[in-house]
> 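Dropping a structure here in C-alpha cells format, bear with me for questions.
In the text below, chain A, chain B and the rest are named by the order of the sequence lines, each starting its count at 1. Since the model is a prediction, treat every value here as computed from it, not as a measurement.
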Number of protein chains: 2
Amino acid sequence: MVTVRDVAAAAGVSISTVSRALSAPGMVAAGTRDRVAAIAEQLGYQPNRAAASLRAGRKGALGLLVPDLANPYFAAVAKGVAERAREHGLGVFVVDSDEDPAAEVDLLRHLVHQTDGVILASPRAIDADVDVIGPRPVVVVNQDGPLAVVTDTDGGMRLALEHLRGLGHRRIAYVGGPASSWSDARRRGALREAAATGADVVALGHYPPTVAGGAAAAVAVAESGATAAITFNDVVAVGLVRAVRERGLRVPEDLSVVGWDDTYLAALASPPLTSVGSDLREVGRSATDLLVARLGGAPGAREVTVLPGTLSVRDSTGPAPR
Amino acid sequence: MVTVRDVAAAAGVSISTVSRALSAPGMVAAGTRDRVAAIAEQLGYQPNRAAASLRAGRKGALGLLVPDLANPYFAAVAKGVAERAREHGLGVFVVDSDEDPAAEVDLLRHLVHQTDGVILASPRAIDADVDVIGPRPVVVVNQDGPLAVVTDTDGGMRLALEHLRGLGHRRIAYVGGPASSWSDARRRGALREAAATGADVVALGHYPPTVAGGAAAAVAVAESGATAAITFNDVVAVGLVRAVRERGLRVPEDLSVVGWDDTYLAALASPPLTSVGSDLREVGRSATDLLVARLGGAPGAREVTVLPGTLSVRDSTGPAPR
DNA sequence: GTGAAAGCGCTAACAC
DNA sequence: GTGTTAGCGCTTTCAC
C-alpha cells in the first residue's frame, strides 16, 4: 500500500506537504503541488479514508435511508444522491428499511455513526428521533424538518386540477394514500384550498399505496360521481385503471386518471399515465447539496428547498364524458 | 463521544479488555465480558469504525456497483445485498455508473479503496480490470468470473419454451438484447441447444433493452412468422406489446409474449406479463454471502452460485392462434 | 485472563 | 511555504 510517506520520499518533501498538496492545494507552492500530484498519481497513491476520517473526524460519507429501494420513486432519488455525492467526493451508505418503520430508528442509529450526515427519504419516519441523530445534520425529503427538500404539492395539485377542468371535468376525486403520509396530508390541504375557491373535489381514502389499493378505490370513485380521479401515486393509478376496466369502463373515455410522482412506470403503463411529478433525481441532488452545505458549517437556520411540480400529460386523461 | 477508555474506566478494566470483550468475546472471562457489555450498552458506546478500520485493515463495508439503480432489476438485487450485508454487520457503499461503461472502471477503482470487497452487478465494461481490484475479492452477477452468481438461463429458457409449446405454439421468436450482454449471449446459446433438438426458434436482434427497442422489434417478430415471442427483459416486452397492439393485433390472442426478469413491472403491465425470472433479492443475498465467505479467507478456488430460473405465468401468453 | 504499549495513515497545530 | 510532531480510537502483539 502506497502511503503519504512513500509519496513524500519520492517527491523529496515532507509528509505534511504531500497531505496539503492533495487536500488543500492553496497552501502549497504551485510547483511543489504539481510535482507531488504527479508523483502521487504515478505511484497510484490513494489516501486511506479510514485514517483521514479518524484524524479529521469526518467520515467522508453520507447516509441515505429509504423505505424501499425497489420503489421507482426512491430509486430515482437515490440516483440523484449518489450522483451528487460523488461530485462532492463523498461515499453513500444506502440503507433500506424494507418499509418497516420500527426498524428505521435502529438503522438510523447505526447509519448516523458511520456518516457525516444523513438524508431521510422515508415518508413516515422519525419524529422524536432527532436525539438519535445527535449533532449531525439531517435532511428530510417530503417531510417537516429544519433541513428539508419538498416538492410543490400545491402547485402540482393546481396543475392537475387545471388540466382536468380544461378537459371539461367538473367533479374530481382524489384517491388518498396512507394516513401517516405527510405528502397525502399536504395534498388534502391543497384540495381543501381548491374547494374553498369553488372547485367540486372529493377526497377518498385512505388507501394503501399499491395496485390493490387503487383497485379497492374503484367503487368509491364510481360512487363519488367524479369523471376524473387523481391518485396518491402511479402504482395506485395502475390499480385503479385496471379495476375500472374490469367494471367495463374505459380510460380515459369514461374516467380520466392522473397518477402522481411521474415515475417511469407512468410512461410504461397502459394507457401511459398523465402524472403529476417533479424531477426526482433533482430531489436527491438538492437534498445532497443541502446536507453538504451544512456539513462543515454552523448549525444554521431552517432551510427548505421547494422543487416545482410538473404535469406530464399522456393518454390516461381525456375530455369529460358527455 | 464515548470511547473504549470511558467504558474501561467505568468497568474498572483496561481498554484492551473492553476491545476484546466486544470483538473477541471468547478471549475474555464470561463475567468480565458481560459486565463490559452491559456498561458499553448503558453508556451508548459505539465503536469508531474509522479507528477500527485503520488499525485492523478492514473497512467494515462492501461495495456494490450497478449500472442503474432505477432499473427494477438492479434495485431488487441491491435490496438483497443491503439486507444480507446488514446481517453481517457490514455497510454497503452503492455506486451507480448510470449505464456509462467508461465510468465503471474509475468508479470501481474508488469503490475498491473504501471497501473490503465489491459486488459487480452486470458490469458492462469490466473484464481485464481485475487489476484495478488488487487482492480484494470481487463477486460478479450474471457474468464470467472466479466468484460469480448467475441465474439459470438454460433452465429459464426451457421453462418458457415448454410453456409456449404446451399452449400450441410451434414457431417462437426471441427478441435479443444488447450485443455486449453476457445474459443475451447465454440465452442465444440455450436457444441453439433447443433448436438442435428440433425446436423451431428464431433469435432476432440485437435490440436496445428499452420500450423503444421492443417496439422496434415488432416488425421483425411479425415477419418471422412466430406466434410467440420471448423478450430480453420486461421493458422490451412492454414495448413489443404496445407496438403489436398498434398494428391492430391482440396480446395474447394473436401473439403471446414472455418477458424476462420477472420484475414487478411484469405484474403491473397491461396485460400482466408472463415472465421468466429468478429471485432477484436472492441474487443479491447470494452474492453477498459469496463475498463475505471470501473476506477473511484465502484466495481459494473459483466458485459459482447458480440460482434457479422460474416462470411466472400471467396474462400475456395464451393458446396459439387458429 | 488481563494490562501496557505500539502503532495503523493521516491531518492540523505549531514552529521556522 | 514547508517541516516536525502529536495524536484521532482502536486492535493486537507481548508480557505477566
> For A:Arg49, answer base if it contacts any base atom (sugar-phosphate contacts may also be present), sugar-phosphate if it contacts only those atoms, and nothing otherwise; contact means non-hydrogen atoms under 4.0 Å.
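The residue A:Arg49 makes no contact with any strand.
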> Could you say whether A:Ala56 or A:Ile15 is positioned toward the 5' end of DNA chain D, judged by the nucleotide with the nearest heavy atom to each?
A:Ile15
> Between A:Asp116 and A:Arg294, does the salt bridge (Lys or Arg N to Asp or Glu O under 4.0 Å) criterion hold? Intermediate values first, please.
CA-CA 10 Å; A:Asp116 296 321; A:Arg294 235 12 113 69; over 6 Å; no
> Mapping A:Val13 and B:Ala52 to their closest nucleotides on DNA chain D, which lands nearer the 5' end?
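Closest to the 5' end, via its nearest nucleotide, is A:Val13.
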> C:dG3 phosphate, OP1 or OP2: any side-chain N/O from B:Ser16 under 4.0 angstrom?
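It does not, given that no N or O in the side chain of B:Ser16 lies less than 4.0 Å from OP1 or OP2 of C:dG3.
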> Flag the pair B:Arg86 and A:Asp96 as a salt bridge only when some basic side-chain nitrogen lies within less than 4.0 angstrom of an acidic carboxylate oxygen.
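Salt bridge: no.
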> Pick base, sugar-phosphate or nothing for B:Arg33, based on heavy-atom distances below 4.0 Å to the nucleic acid.
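The answer is nothing, as B:Arg33 stays clear of every strand by at least 4.0 Å.
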> Would one find a side-chain N or O of A:Arg5 under 4.0 angstrom from OP1 or OP2 of C:dT11?
no
> On DNA chain C, compare the nucleotides closest to B:Ala29 and B:Leu54; which residue's is nearer the 5' end?
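Whichever sits nearer the 5' end wins; that is B:Ala29.
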> Any side-chain N or O of B:Thr17 under 4.0 Å from OP1/OP2 of C:dG3?
yes
> Report yes if a side-chain nitrogen or oxygen of B:Arg20 is closer than 4.0 Å to either non-bridging phosphate oxygen (OP1 or OP2) of D:dT13; otherwise report no.
no
> Quick one: which of B:Leu22, B:Val18, B:Val13 gives a side chain to side chain contact (heavy atoms under 4.5 Å, CB included) with B:Val7?
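So the option named by the test is B:Val18.
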> Of the nucleotides D:dG3, D:dT12, D:dG9, which has the atom closest to the A:Ser14 side chain?
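Nearest nucleotide to the side chain: D:dG3.
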> What's the closest nucleotide to the side chain of A:Ala51 if the choices are C:dC8, D:dC8, C:dC10?
C:dC10
> For B:Thr32, report the nucleic acid contact type (base, sugar-phosphate, nothing); a contact means any heavy atom under 4.0 Å.
sugar-phosphate
> With respect to the phosphate group of C:dC8, does any side-chain polar atom (N or O) of A:Thr3 fall under 4.0 Å of OP1 or OP2?
no
> Among D:dG9, C:dC10, D:dC10, find the nucleotide with the atom closest to the side chain of A:Pro47.
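From the listed options, C:dC10 comes nearest.
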> How long is the line joining NZ of A:Lys59 and C1' of D:dG9, in whole Å?
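Taking NZ of A:Lys59 and C1' of D:dG9, I get 10 Å after rounding.
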> Salt bridge check, A:Arg281 against B:Asp98: does any charged N sit closer than 4.0 Å to a carboxylate O?
yes
> Among A:Thr115, A:Leu111, A:Val118, which one satisfies side chain to side chain contact (heavy atoms under 4.5 Å, CB included) with A:Val95?
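Output: one option passes, namely A:Leu111.
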